[in-house]
**Q** 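For reference, the structure I am asking about is given below.
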Amino acid sequence: MAGPKLMENVVLKLYGFAVSNYFNMVRMALAAKGLEYEVIKTFPSQETDWLALSPMGKVPCLETEDGTMAETHVIFEYLDEKYPEHPIFPESPYARARARQIMHSLELYIELPARRLFPGTLFGGHNEQLTIDEVKPVLEKGVRTLNQLSACSPFLMGSTPSAPDYMALYVLPLADTVAQQTYGWSLLSAIEGGAELLEALGRDGHAQQFAAESSAEMAEFLAGVRAAK
Ligand SMILES: N[C@@H](CCC(=O)N[C@@H](CS)C(=O)NCC(=O)O)C(=O)O
């Protein structure tokens, strides 16, 4: 949990590491809101002192003047309620509900099933045929859901980026990679406007910075995961 020297007067501290897609989602949200924060480089673990901050042992975790919190959706909502300037959720209750539905669909029906394929695709291991067979229909339904909920014009909630986009930016490319490798299926092409959405988000300077930081640490991270097998 050791991090760089602490910055003075910075209220928000974000724990995580550059390769983590969830960590980068929160960094995009913080950037969109123009909030200053300190990064404390942290890997997930089940160590007691880390579990006190993040009960599941996962990253990201945000430390605030009110206390710590984990779970990316929760962090997004806290940030928008605590710091209303530069909102990342739409204004009307229905549009907010729709944004949340898109975010939950991205995590539950695309990110999490795609993660089941990481061992045999990204991590140098093996995927059981049962897993391969189980994941495909979930991903297909996830894609169908996304297409039903958003027309991507070019962003998920319309012409300006918002919270669901900061998730999609880190969910869709990896899910597409593992779907291509496992099924020869381009999940991204199956999402109407998906490629254009990622292209538009990729023009953001922060997105480019976080991608460069992730790339710089990717080889070391993958080597560590593979060595741990
Ligand atoms: N639902 C969590 C997922 C976070 C998550 O899975 N983070 C990964 C790193 S990208 C992690 O900590 N993995 C370690 C673990 O699952 O124990 C969130 O929304 O923040």
Side-chain angles (χ1 to χ4, degrees), residues 10 12-42 58-62 71-80 83 85-90 99-100 102-107 110-111 114-115 118 122 142-143 146 149-180 186-222:
V10 175
L12 298 170
K13 297 185 170 64
L14 182 65
Y15 296 79
F17 62 104
V19 172
S20 159
N21 55 356
Y22 285 93
F23 172 73
N24 285 320
M25 291 170 200
V26 176
R27 291 191 87 187
M28 285 297 289
L30 286 160
K33 294 194 69 66
L35 291 168
E36 217 185 316
Y37 62 101
E38 179 183 354
V39 167
I40 302 188
K41 187 172 178 177
T42 307
K58 292 176 186 277
V59 298
C61 174
L62 185 71
E71 295 299 326
T72 298
H73 296 247
V74 173
I75 295 172
F76 276 24
E77 302 222 9
Y78 170 85
L79 289 173
D80 232 24
Y83 306 101
E85 216 183 328
H86 307 302
I88 56 171
F89 283 94
R100 291 185 185 112
I102 293 174
M103 290 168 69
H104 282 284
S105 301
L106 279 166
E107 177 165 32
I110 297 185
E111 172 71 17
R115 271 183 185 244
F118 282 7
L122 307 179
V143 164
L146 208 55
L149 294 178
S150 170
C152 290
S153 52
F155 301 106
L156 285 160
M157 297 299 295
S159 58
T160 51
S162 63
D165 297 299
Y166 306 138
M167 293 203 81
L169 176 58
Y170 298 101
V171 167
L172 298 182
L174 273 181
D176 187 58
T177 299
V178 301
Q180 298 243 27
S186 171
L187 175 144
L188 189 59
S189 305
I191 295 170
E192 290 155 34
E196 293 78 5
L197 168 70
L198 291 186
E199 202 182 302
L201 288 167
R203 284 197 285 270
D204 180 290
H206 291 103
Q208 290 169 7
Q209 178 197 332
F210 304 149
E213 290 176 11
S214 173
S215 296
E217 293 188 16
M218 185 62 81
E220 189 189 351
F221 170 74
L222 288 178

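Remember, it's a predicted structure, so these values are computed and weren't measured experimentally. Heavy-atom basis, side chains included; hydrogens, waters and symmetry copies ignored.
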**Q** Can you tell me how far apart CD (Glu111) and CE (Met25) are? Round to the nearest 0.5 Å.
**A** 5.5 Å
**Q** If the condition is side chain to side chain contact (heavy atoms under 4.5 Å, CB included), which residues does Ser105 pass it with, not counting sequence neighbours?
**A**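 For Ser105, the residues satisfying side chain to side chain contact (heavy atoms under 4.5 Å, CB included) (neighbours in sequence not counted) are Gln101, Tyr109, Thr145, Leu149.
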**Q** With rounding to the nearest 0.5 angstrom, report the OH to CZ distance, Tyr22 to Phe17.
**A**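 The CZ atom of Phe17 is 12.0 Å from OH of Tyr22, to the nearest 0.5 Å.
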**Q** Please say whether more than 12 non-hydrogen atoms of neighbouring residues, nucleotides or ligands are located less than 6.0 Å from NE2 in His73.
**A** yes
**Q** Should Arg115 and Asn21 count as side-chain neighbours, where that means a heavy-atom distance under 4.5 Å?
**A**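 The answer is yes; the side chains approach within 4.5 Å.
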**Q** First locate atom CG of Leu169, then atom CG of Asp204, and finally report the distance between them rounded to the nearest 0.5 Å.
**A**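 Taking CG in Leu169 and CG in Asp204, the distance rounds to 8.5 Å.
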**Q** What's the shortest heavy-atom distance between Thr72 and Pro60, and which atoms?
**A** OG1-CG, 3.6 Å
**Q** Between Asp80 and Ile88 (side chain of the first, backbone of the second, donor and acceptor by atom type, cut-off under 3.5 Å), is there such a pair?
**A** yes
**Q** With ring-ring contact (aromatic ring centres under 6.0 Å, His included) as the criterion, how do Tyr170 and Phe210 come out once you've worked through the C-alpha distance, each side chain's angles and the decisive distance to 0.1 Å?
**A** CA-CA 11 Å; Tyr170 298 101; Phe210 304 149; 7.6 Å; no
**Q** Just verifying a value: how many Å separate Ile110 CD1 and Leu174 CG, rounded to the nearest 0.5 Å?
**A**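 It comes to 12.5 Å.
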**Q** Enumerate donor-acceptor pairs with a distance under 3.5 Å from any side-chain N or O in residues 150-162 to protein atoms, sequence neighbours excluded.
**A**
residue	atom	partner	partner atom	Å
Ser150	OG	Cys152	N	3.0
Ser150	OG	Leu156	O	2.9

**Q** Taking the side chain as everything from C-beta on, heavy atoms only, tell me whether Val19 gets closer than 4.5 Å to Glu220.
**A**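 Heavy-atom side-chain distance check fails, nothing below 4.5 Å.
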**Q** Check whether any side-chain heavy atom of Phe76 sits under 4.5 Å from a side-chain heavy atom of Phe89, and report yes or no.
**A**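 A side-chain contact under 4.5 Å exists here.
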